[in-house]
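Comments concern the structure below.
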2 protein chains.
Amino acid sequence: MDAGRIVDTALKLIDEVGIQALTLRMLADALESGTATLYRHFTGKDELLALVADRILGEVRVPPEELDGLSWREAVNAVAEAFYGTLCRHPNALSLLAAQVPVGPNALRARERLITLFLGHGFPVGLAARAFTAIGHYVIGFAIQQHGPGAPGPEDHAQLRDYYLSLDPAAYPATMAAADELTSVPVHEEFWFGLGLLLDGLEQARAVSLREPEAAAGH
Amino acid sequence: MDAGRIVDTALKLIDEVGIQALTLRMLADALESGTATLYRHFTGKDELLALVADRILGEVRVPPEELDGLSWREAVNAVAEAFYGTLCRHPNALSLLAAQVPVGPNALRARERLITLFLGHGFPVGLAARAFTAIGHYVIGFAIQQHGPGAPGPEDHAQLRDYYLSLDPAAYPATMAAADELTSVPVHEEFWFGLGLLLDGLEQARAVSLREPEAAAGH
DNA sequence: ACCTGAACACCGTTCAAGT
DNA sequence: ACCTGAACACCGTTCAAGT
């Protein structure tokens, strides 16, 4: 019984039954062990869940050679897509990543890599770090809106639109005008559109910092 | 015993002891009642927490006259600041807003208002709705990074920098280069900087949509 | 030395009994 | 009709007893 297998099993169970329903007894049963054994590897459930979160981040794989020759924008798009795809594969675990700043080894590795990418393309260090944070929040926030608890499953997308449209038109005219368009556009396109906005902003800030290096810190 | 007082008390307790430590017994005691009484107003703890989340959103107050005569950018800045300020006053409740898409009455009202603001300034409806989503995620994500569980309190900000600097320099050169600058810049400035990036992107998308109306949906 | 059955305190939730 | 004490099933966690 190694720690890795416990975390793997915990993630699998979360994928199946949700994070709320995951029980240490259930986890111990799946591992054909007892709950007390789990405490030999983790200080408690919170630490276990933090490791599950980092385990998910470790699943985001972008082979370095895949980014060769790409512009920073193309490279960031590739990384963001990989991250987004991984999150979509674990909708039940999304809140683990959203509710706190991940600080596990895979989180640190991912940040190091993306900041390095920005630095290599002429971003000042302050902008690079903020760019990482902004993109990370965007991807996680988008995934939650799409898959998180309270969000509609793909099957009741039309149902959500109906809910919007059932609201009092006098009270929510703008929301209702947006409802039809928002629920008809494929979510994948929406994702790229919003990410594009963010990258447009970064592009502009980068251009400014290259022109006026002394203002690079971004005040 | 009305529902409003229960939600108010629940939020106050969450502010004090954290969301994890909030117990229905504790809440009932504070209300000088029993746990069973709570179930006469809510179907369960989940619904109560959703109402607490919406209660927080209701705390975001921006008097309409305050936005009169402002550009869309200035108006969005004012709304974002009010939202951000409210979130900072309830750091223990942040995960309630992050882990799911709020759909309570105050959430709907806030969305309606901001989308209306965008529409009034010439944004096409699809862009307006996406702008709302992107800004909401940015503000919540930023607040979590600053105040959320696992994030450093204001007192151990320097401690976090030390943690970063204690990492293996060979393994995380970029992170460590960014660590000092990131932890020395006031967080408030960081917030405005990132929001500015987002608004730059929106500005650009708006300009494009005004020039080429047929591409307004954003594909 | 490592593992674990069984217990502990406490949780969210329910319902029969009170007013 | 409305409220609630007391119980229920189950949770995370602990530790003395096993191997």
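In what follows, every chain begins at residue 1, and chains take the letters A, B, ... in the order their sequences are listed. Since the structure is predicted, the reported quantities are computational estimates derived from the model, not experimental observations.
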ask   = More than 12 foreign heavy atoms under 6.0 Å from CD of B:Glu32: is that the case here?
value = no
task = Flag yes if more than 12 heavy atoms outside A:Gln20 fall under 6.0 Å of its CD atom; otherwise flag no.
result = no
Nearest 0.5 Å, what's the [atom1]-[atom2] distance between [X] and [Y]?
X       : Y       : atom1 : atom2 : answer
A:Thr9  : A:Asp29 : OG1   : CG    : 12.0 Å
B:Arg89 : B:Tyr84 : CZ    : OH    : 12.0 Å
B:Glu81 : B:Thr86 : CD    : OG1   : 10.5 Å

inquiry  = Just to be sure I follow the notation: if a pair is Watson-Crick (purine N1 to pyrimidine N3 plus N6-O4 or O6-N4) or a G-U wobble (N1-O2 and O6-N3), each under 3.5 Å, what dot-bracket string does DNA chain D give, with | for pairs to another strand?
reply    = ||.|||||...|||||.||
So do the side chains of [X] and [Y] get within less than 4.5 Å of each other, counting heavy atoms only?
X        : Y       : answer
A:Leu48  : A:Leu27 : yes
A:Gln100 : A:Leu49 : no
A:Met26  : A:Val17 : yes

ask   = Which residue, A:Met26 or A:Ala36, contacts DNA chain D at a nucleotide closer to its 5' end, judged by nearest heavy atom?
value = A:Met26
inquiry  = Under 4.0 Å, heavy atoms only, any strand: does B:Leu22 hit a base, just the sugar-phosphate, or nothing?
reply    = sugar-phosphate
query = Which part of the nucleic acid, if any, lies within contact of A:Thr35, taking any heavy atom under 4.0 Å across all strands shown: a base, the sugar-phosphate backbone alone, or nothing?
reply = base
query = When you list every nucleotide of DNA chain C with an atom under 4.0 Å from a heavy atom of chain B, which one comes first 5' to 3', and which comes last?
reply = C:dC11 to C:dC15
For DNA chain C, the residues among residues 47-55 of chain B that have a non-hydrogen atom under 4.0 Å from it = none
message = Reading DNA chain C from 5' onward, which residue's closest nucleotide shows up sooner: A:Arg25 or A:Ser33?
response = A:Ser33
key: Intermediate values then yes/no, side chain to side chain contact (heavy atoms under 4.5 Å, CB included), B:Val79 and B:Arg113   = CA-CA 10 Å; B:Val79 172; B:Arg113 192 174 172 194; 5.8 Å; no
ask   = Between A:Arg55 and A:Glu59, does at least one N-O distance fall below 4.0 Å, as a salt bridge requires?
value = yes
